[in-house]
Amino acid sequence: MVLWRPWARSFWAFPCWITDDPRPVEARRAGDLLSLMAETEAADAAHRREPTG
């Protein structure tokens, strides 16, 4: 989910799936937000692949 926050003049995105760390990411430019989203999704996917035992 991505929101435009006019009072902050920034984009704000947060995951729409269950995750251990559901913090939003924020950026002033759409391209920067996309990069942050990709990093966050990759980190979450890597965390899910780690063995838990």
Side-chain angles (χ1 to χ4, degrees):
M1 172 70 69
V2 176
L3 303 171
W4 168 248
R5 300 182 336 140
W7 61 92
R9 298 184 49 88
S10 65
F11 293 97
W12 193 55
F14 56 96
C16 290
W17 66 89
I18 297 171
T19 179
D20 293 336
D21 190 15
R23 291 181 297 166
V25 292
E26 183 175 3
R28 290 193 174 265
R29 296 185 306 198
D32 294 339
L33 184 70
L34 289 172
S35 295
L36 286 171
M37 289 169 59
E39 290 172 20
T40 301
E41 289 172 357
D44 187 62
H47 173 72
R48 290 175 188 270
R49 286 192 297 266
E50 292 178 3
T52 58

Identify every side-chain donor-acceptor pair in residues 2-10 under 3.5 Å, counting partners at least two apart or on other chains, and give the distances.
from: R5; atom 1: NH2; to: E26; atom 2: OE2; distance (Å): 2.7
from: S10; atom 1: OG; to: E26; atom 2: OE2; distance (Å): 2.6

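- Among all heavy-atom pairs drawn from L33 and A13, the shortest one is CD1-CB, 4.0 Å.
- For the side-chain contact (heavy atoms from CB on, under 4.5 Å) test, residues two or more places apart in sequence or in another chain that qualify with A30 are F11.
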